[in-house]
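The block underneath contains the structure these notes are about, expressed in C-alpha cells.
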Protein chains: 2
Amino acid sequence: MVTIYDIAKNAKVSPMTVSRVINNSGNIRLTTREKVEKAIKELGYVPNSAARSLISKRTKTLGLILSDISNPFFSKVARGAEDKAVEMGYSVFMTNTDEDFEKEKNYINRMLSSRVDGVILSPTNNNSIKHIQKLNQHNIPVVLFDRTIDGFVGDHVLGDSYKGSRDLVKHLIDIGHEKIALVNGPHHLSTSRERQRAYVETLKLNDLSIHEHYISELDFRSVQSEDAHQILMKLMSLDKKKQPTAIFAANNFIAISIIRSLREMNINVPEDVSIVCFDEIEHVHFDPFFTVASQPALEIGRISAQYLIERLENDNLDEERIVILPPEIHIRKSSKPLIDKE
Amino acid sequence: MVTIYDIAKNAKVSPMTVSRVINNSGNIRLTTREKVEKAIKELGYVPNSAARSLISKRTKTLGLILSDISNPFFSKVARGAEDKAVEMGYSVFMTNTDEDFEKEKNYINRMLSSRVDGVILSPTNNNSIKHIQKLNQHNIPVVLFDRTIDGFVGDHVLGDSYKGSRDLVKHLIDIGHEKIALVNGPHHLSTSRERQRAYVETLKLNDLSIHEHYISELDFRSVQSEDAHQILMKLMSLDKKKQPTAIFAANNFIAISIIRSLREMNINVPEDVSIVCFDEIEHVHFDPFFTVASQPALEIGRISAQYLIERLENDNLDEERIVILPPEIHIRKSSKPLIDKE
DNA sequence: TAATTTTGTGTTACCGATAACAGAAAGCGT
DNA sequence: ACGCTTTCTGTTATCGGTAACACAAAATTA
C-alpha cells in the first residue's frame, strides 16, 4: 500500500511536506508542490482515512439506522440522507434493524466501534433510549427521524402523524363514512400512538362511536400476514350495524396486507370498504389507487443529515430542534363516498 | 474517549493484556481476565476500529455501489448483501451512483480512502473497468453484480437476461403476438445488450420481422419521461400492419413509464397492447398486474457478499466464478392473447 | 530437586497520518 | 553586509491498537 512515506521518498521531501500538499496547509513552494503532486499521481496514492481519523478523532462518517429498508418510505429517507451527507463531505454507514431491538443494539456497537461522528436513527422502541445514551456518553450526537421516544433530548425530524391522520379520517367522514376502523402499527412506536390519538379525537369530534374491535394492531412491516387476516375476519363479521365501511391503515404495508386479506374474503375496495393509509404506496399502475397521507421522505432524510452535520460542526446550537413536516393528502380510488345500501 | 490504556490503568495490567482479553488471544489467568472485563464494562470501552485496521490492514468493511437505490431490485440486492455481510462479520458501506460515471469515480475514491476490504459493484458502463483496475491495483477485489463489462476478470453474480428475455418474448408469441416491440435500456449496459439479443433471436427463430422503430432505448431509471412518450407516439402511429400489439420493456421502470405514456394516449393494457418486462414490479394491488421476469435480487446480493468475503479470506480461489441466476417468469394480467380485430 | 516446558504478563516498535515545534533558506531594510 | 522577518521544510511525538519478542512464575518432567 502506498503511503505518505513512499511519496516523500519519491519526491525527495519529508512526509510532512507531503501531508501539507495534500491538505493545502502551510506554505509550500510551487516547485515542491508540483514534485509531490507528480509522485502522488505516479504512485496512485490515496490517503488512509483510518490513520487520519486516529489523530483527528473524526471519521467524517455518519451512521444511518433504518427500521425497514425494503419499505420505500425508508429507502427514500436513506437516499435523501446519503445525498445530503455526501454533499456536505460525509459518508454514510447504512444499516437495517428490521424493527429488532437486539439488531439495533448490535449496530449501535458497530457504530461506536467504527467511530462514526453521528447517528441518524429511527428507534425500534422506547428502550432505544439506552442505546442513545450510550452514544451520547461517547459524545456521538443522535438525530431521530420518523419516531420520537420518551426522554430523548436532541434533534427530531418527524412527519406530522397527528395532522395527516386527522385529515385522512376527516376525509372518510366527509364522504359519508361513520363506521371507521383503525388497523394501527405497534403501540410502542410514537407514530402509532399519534395516529391513534388523531383517529380517536376525530371520530369523537364528529360524534361517531368507536365500537369494540375497531382498533387493532399489526406490525408495520407485515405486507402479508395471518394476523391481518384474523383482524379483518373479526371486523367484517361484526353485525351489520357495526361492520366498518372504511378502514384507516396506519402505514402503507399494513394497507397492503389489509387489501390482500379483504380480497381473500371477496370483499372489494373501494366498493364494499374504503381504505386510507399513511405513507405512499408506490403506484405503478396507470392510475394510482390508494388514498394516502404521503410523507416527504427524501426531505426527512436530507434534513436529518443536515441537522446532524450542523451539530457536529457547530457547538453552540440549541439543545434541540424539532422539525415536523406535514404530509400531503392524496385522495385517490381506495376511498369512495358511502352509498347507503339499505 | 476511553482507550485500552485507561482500561489497563484501571485494571492494573498492561495494555497488551487488555488487548489479549478483548481478542481472546494468548493465555490469560481467569482472575486478570475478570478484572479487565470489569474495567471494560465500568468505563464503557469500545475498541477503536481505525486503530485496529491501521495495524491489521483490514477494515472488515465492504463497499456496495448500487446504480439506483430507489429501484426495489437494487434495494433488495442491498438488503441481501448487507444481511450476508453482517452474518459473516463485515459491515457495508452503501452508496448510490444514479448510473452516473462521475459519481462512481467519486465513490471508488471514497472506498479507497476508507480502505474497504472489497467492493460489490453494478458498473455504470464499460469505462468502469478503469475504476475496477484502480481498486485492483490497491489489492481490493471486486465482485460485479447484475451487469458485466468488457475486460473484467473476477467474480460475477448475474441474472440470466438472455433466458428471461427469451421466455418473455416466447410467451408473447405463444399467445399470438407477432408484432412485438422492444423498449430497451441503454446499450452500454450488458443487461440491455443481452435482452436485445434474446429479443432479436427469438423473433427470428419464429420468423417474425422486426420493423423499423421496433427497437428503442430509454434510461433504466426513467419512471416517467418525455422520451418514453416520444417513443410510444412513434410506435403507435405506425400503420396498422406494423403497429405493435405487444411491447417488451427491458426493466420494471421502463415498463412503468410505458404504461403511463400509453394511458395518456388512451391506449389500454392489456386490451390494446400487451406488456411484459424484466424485474419485478412491486404489486400491492389485490391482484398483481405485470407479466415479468422476476430476478432473485436478495439472492444476488447474498451471493455477491459471500463470494467477496470468501475471496478476502481465501487466496487460493479460482480466478473467476460466474453465477448466472435464472429469473422466474410470472404470467399475469399485462399480457393477454391476441384476438384478431380484423 | 534441577531442568524443562508451559503459562501469563510486560516492553518495544510500528501501522499512516498530522500537530507542534524547530530550524534552514530566502527576502528585506538600512 | 548585517540583522530581522517571512517563507519553506524537517524532526519528533502522538493517536489506539497489536505483533514480536522477552522474561518471570507456575507446572511438568526427569
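Owing to the predicted nature of the structure, the values given are computational and were not obtained by experimental measurement. In the text below, chain A, chain B and the rest are named by the order of the sequence lines, each starting its count at 1.
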Note to self: Classify the ring geometry of A:His131 against A:Phe101: parallel below 30°, tilted from 30° to 60°, perpendicular beyond 60°.
What the structure shows: parallel
Checklist line | Salt bridge flag under 4.0 Å for residues A:Glu42 and A:Lys38 | finding: yes
Next item on the list: Taking only the side-chain nitrogens and oxygens of A:Lys12, find out if one of them lies under 4.0 Å from OP1 or OP2 of D:dT9.
Entry: no
Check: Quick one: is B:Ser25 getting a side-chain N or O under 4.0 Å of the D:dT18 phosphate, OP1 or OP2?
Finding: no
Check: Under 4.0 Å between a side-chain N or O of A:Lys57 and OP1 or OP2 of D:dG16?
Finding: yes
Margin query: For D:dT6 and A:Asn27 - does any side-chain N or O of the residue sit under 4.0 Å from the phosphate oxygens OP1/OP2?
Written below: no
Notebook entry, point to check: To the nearest angstrom, how far is B:Arg29 atom CZ from D:dA26 atom C1'?
Noted result: 8 Å
Item checked: For the student: nearest non-hydrogen atoms of B:Val21 and B:Arg33, plus distance -> O-NH2, 3.8 Å
Checklist line | Interatomic distance, A:Asn23 CG vs C:dA20 P [rounded to whole Å] | finding: 14 Å
Next item on the list: Could you check A:Thr32 against A:Arg115 and say which one's nearest nucleotide on DNA chain D is further toward the 5' end?
Entry: A:Thr32
Next item on the list: Would you tell me if any nitrogen or oxygen in the side chain of B:Thr17 comes within less than 4.0 Å of OP1 or OP2 on C:dG10?
Entry: yes
Notebook entry, point to check: For A:Ser14 and D:dT9, is the shortest distance between a side-chain N/O and OP1 or OP2 below 4.0 Å?
Noted result: no
Item checked: Atom-pair distance (CD1 on B:Ile55; C1' on D:dC15), nearest Å -> 13 Å
Checklist line | Salt bridge flag under 4.0 Å for residues A:Glu82 and A:Arg79 | finding: no
Margin query: Can you measure B:Tyr5 atom OH to D:dT14 atom C1' for me and round it to whole angstrom units?
Written below: 10 Å
Item checked: Separation of D:dT9 C1' from A:Ile4 CD1 (nearest whole Å) -> 14 Å
Notebook entry, point to check: How close or far is atom C1' of D:dT9 from atom NZ of A:Lys35, stated in whole angstroms?
Noted result: 10 Å
Notebook entry, point to check: Phosphate oxygens OP1/OP2 of C:dT18: is one of them under 4.0 Å from a side-chain N or O of A:Arg52?
Noted result: yes
Notebook entry, point to check: Nearest-Å distance, CE (B:Met16) to P (C:dT11)?
Noted result: 12 Å
Notebook entry, point to check: Which distance, rounded to the nearest 0.5 Å, do you find between the CD of B:Gln306 and the CG of B:Asp155?
Noted result: 10.5 Å
Note to self: Is there a side-chain contact between B:Ser56 and the phosphate of C:dC15, meaning an N or O under 4.0 Å from OP1 or OP2?
What the structure shows: no
Note to self: Does A:Asn48 reach a base, just sugar-phosphate, or nothing at all? Heavy atoms under 4.0 Å.
What the structure shows: sugar-phosphate
Next item on the list: Report yes if at least one side-chain N or O of A:Ser19 is closer than 4.0 Å to OP1 or OP2 of C:dA17; otherwise report no.
Entry: no
Check: Can you find an N or O donor on one side and an acceptor on the other, under 3.5 Å apart, linking the side chain of B:Arg20 with the base of C:dG10?
Finding: yes
Note to self: Mind checking if B:Ser49 touches a base, just sugar-phosphate, or nothing, with heavy atoms under 4.0 Å?
What the structure shows: nothing
Next item on the list: Describe the nucleic acid contact of B:Val13 in one word from base, sugar-phosphate, nothing, applying a heavy-atom distance below 4.0 Å.
Entry: sugar-phosphate
Check: Would you say the side chain of B:Arg33 and the base of C:dG8 hold a donor-acceptor pair, judged only by whether the two atoms sit under 3.5 Å apart?
Finding: no
Next item on the list: Rounded off to whole Å, could you give me the CD1-to-P distance for the A:Ile7 and C:dG16 pair?
Entry: 12 Å
Check: Does the pair B:Asp68/B:Arg221 count as a salt bridge with the N-to-O cut at 4.0 Å?
Finding: no
